[in-house]
Protein chains: 2
Amino acid sequence: MTVPPEAEREGVGDVARLRSIPEASVARLALYLRTLGELSEQGAETVSSDELAAVTGVNPAKLRKDLSFIGSYGIRGVGYEVRPLVHQLEQSLGLNHRQAVALVGVGNLGHALAGYGGFDGRGFPVTALFDVDPDLVGIHINGILVEHVREIPRIAAERGVTIGMIATPGPAAQAVCDLLVSAGVQCILTFAPVVLQVPADVEVRKVDLAVELQILAFHVARRNLDHPGVTTGTTNGHALVNGAADNRTVNGSGGIHS
Amino acid sequence: MTVPPEAEREGVGDVARLRSIPEASVARLALYLRTLGELSEQGAETVSSDELAAVTGVNPAKLRKDLSFIGSYGIRGVGYEVRPLVHQLEQSLGLNHRQAVALVGVGNLGHALAGYGGFDGRGFPVTALFDVDPDLVGIHINGILVEHVREIPRIAAERGVTIGMIATPGPAAQAVCDLLVSAGVQCILTFAPVVLQVPADVEVRKVDLAVELQILAFHVARRNLDHPGVTTGTTNGHALVNGAADNRTVNGSGGIHS
DNA sequence: ACCTGTGAAGATTTTCACAGCA
DNA sequence: TGCTGTGAAAATCTTCACAGGT
């Protein structure tokens with residue numbers, strides 16, 4: 001897609017384009033961005049759609065179509081220049097300015113998330129931590145003070161939090177969500193196994209580990225219908241399967257360490 | 001769907017049906033199952049598709065269609081009996097016998113996952129822990145000994161592990177994955193931000209937190225194109241939005257605690 | 001010669017709307 | 001009457017295949 005004649009002024013005029021990127025593509029664009037970052041570090045200057053497709057496990061045509069939505073400039077006969085493409089993706093995904101993240105619930109999982117370095121490095125600084133447990137309120141994690149949940153409205157607004165992460169037990173999640181919303185947070189990533197009720201202008205994404213395992217279990221069950229006795233020992237012929245960011249596959253972590 | 005005349009003998013004859021359940025439906029069936037469990041605890045005997053749809057945030061017609069894939073018996077004019085439906089779902093999702101889980105990488109995130117009680121309760125006992133870090137190998141987490149990754153083939157086979165969870169840094173993930181596969185593990189849930197290469201008979205699901213945040217960031221960016229100045233203070237009229245288990249929404253955690 | 005960008009075909013998924021049973 | 005089960009339409013997403021630059 002060459003630059004449309006109207007709509008200049010750097011990065012705007014994307015308006016129309018941005019609005020119409022299919023949901024499914026957005027998820028993959030984020031994946032491409034991360035992968036390109038790695039390729040870039042390894043010194044790659046250009047990638048073809050076939051190469052990038054192989055690494056990300058996506059169909060090459062699909063990849064090209066995805067990239068066409070953000071109006072990137074590939075070079076026919078050559079491929080994509082990594083640096084400009086990364087830039088373009090960051091533009092389109094809204095990663096040109098950092099997004100402050102508030103994390104609510106610093107128990108088991110929340111503590112791990114708070115300690116995870118990967119967010120900061122990707123432009124998502126964890127800026128506030130909250131909990132209700134008196135044993136946790138007042139401690140510092142990675143240099144950040146854990147505050148009481150009741151402070152959410154004040155602190156989140158003060159610190160310009162745009163993304164809330166909920167890692168509380170299920171029953172607490174809706175109340176926490178309401179507090180975040182009342183503080184003006186419009187994007188929420190929740191690990192609590194409940195459906196959150198939010199105003200229409202708030203975006204929620206949910207990561208449900210138990211459900212993930214159940215889906216896997218289903219596939220075991222299905223397989224065992226065909227091959228009842230098999231349990232161990234597998235040939236290993238590395239097929240390029242399971243395209244990341246595919247249906248119902250949520251991608252994650254960027255390096256939560258062993 | 002009334003019972004087809006052929007194919008009896010309890011729970012088999014599902015073969016044909018199981019094979020053909022759309023991927024998208026499988027993910028939601030797992031969600032219904034969890035939700036029904038909660039309704040059941042609250043004493044509900046029957047649910048209508050409208051009720052269950054409201055709670056899970058799914059379209060009622062879609063829900064009915066999903067359930068029709070497992071051949072469940074709803075009662076026209078009444079709804080579904082919760083108990084039998086739960087049973088049927090467990091059957092179909094392969095949750096009638098427990099699946100032993102091995103967790104590789106007990107660093108930041110892995111440690112949290114190992115300590116998470118929700119897996120055991122849902123029929124996914126964490127049966128083996130692995131790492132390479134000498135500081136971690138030998139410790140116990142929740143009563144389970146952390147063993148060296150090189151022991152994976154032996155121990156996983158011994159303990160009948162069917163599901164592997166990978167919570168290592170990206171670079172280590174492929175090697176770990178290979179070890180799991182060589183031990184006969186056919187289902188893998190990975191948090192490492194790399195595309196795993198596996199034989200065709202192995203199922204991989206990926207949870208990528210960094211990508212999740214980027215997707216949210218995109219939605220912030222898109223919104224700000226329309227309402228440039230808005231930052232704080234939101235009306236709160238609880239719309240029933242964001243159907244769980246919807247596109248690209250992975251559900252999770254069942255209660256990783258604050 | 002090679003690789004992008006994209007119309008058009010194909011597959012899957014969602015939604016509608018209503019027939020049919022309790 | 002009320003709610004399930006399901007054909008069929010609509011929307012969305014994926015894949016093919018090739019025209020068109022470089």
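Treat the numbers as computed from the prediction; the structure is a model and nothing was measured. Letters A, B, ... are given to chains in the order of the sequence lines, protein chains preceding strands, and every chain is numbered from 1.
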Please check this pair: side chain of B:S92 against backbone of B:Q88, looking for a donor-acceptor N/O pair closer than 3.5 Å. yes
Checking contacts here: which listed nucleotide (C:dC21, D:dG20, C:dA17) is nearest the side-chain heavy atoms of B:R76? C:dC21
Integer-rounded Å distance: C:dC3 C1' and A:L85 CG: 15 Å
Using only side-chain N and O atoms of A:R28, determine if any of them is under 4.0 Å from OP1 or OP2 of D:dT14. yes
Between B:R64 and A:N59, which has a closest nucleotide on DNA chain D that is more 5'? B:R64
Output the rounded distance in Å from OH (A:Y73) to C1' (C:dC3). 19 Å
Is there a side-chain contact between B:L209 and A:F119, using heavy atoms and a 4.5 Å cut-off? yes
From CG of A:L67 across to P of C:dC3 the rounded distance in Å is 16 Å
Within less than 4.0 Å of OP1 or OP2 of C:dC3, is there a side-chain N or O belonging to A:S48? no
Under 4.0 Å: is that the gap between some side-chain N or O of B:S49 and OP1 or OP2 of D:dT4? yes
Check: A:S48 main-chain N/O paired with A:E51 side-chain donor or acceptor under 3.5 Å: yes
Give the rounded distance in Å between these two atoms: CD of B:E81 and P of D:dC3. 15 Å
Atom pair distance, as rounded to whole Å: NZ in B:K62 and P in D:dT6: 18 Å
A:Q214 and side chain to side chain contact (heavy atoms under 4.5 Å, CB included): which single residue from B:L29, B:L95, B:L31 fits? B:L95
Distance in angstrom units between A:E23 CD and C:dT14 P, rounded: 13 Å
Side-chain heavy-atom pair A:T162, A:C187 within 4.5 angstrom cut-off: no
Could you pick out which residue, B:D50 or B:K65, lies toward the 5' side of DNA chain D when each is mapped onto its nearest nucleotide? B:D50
Rounding to an integer number of Å, can you tell me how far B:F69 CZ sits from D:dG7 C1'? 12 Å
Closest nucleotide of DNA chain C for B:I75 versus for A:Y80: which of these residues is on the 5' side? A:Y80
Starting at atom CD1 of A:I21, determine the distance to atom P of D:dC13, rounded to an integer number of angstrom. 12 Å
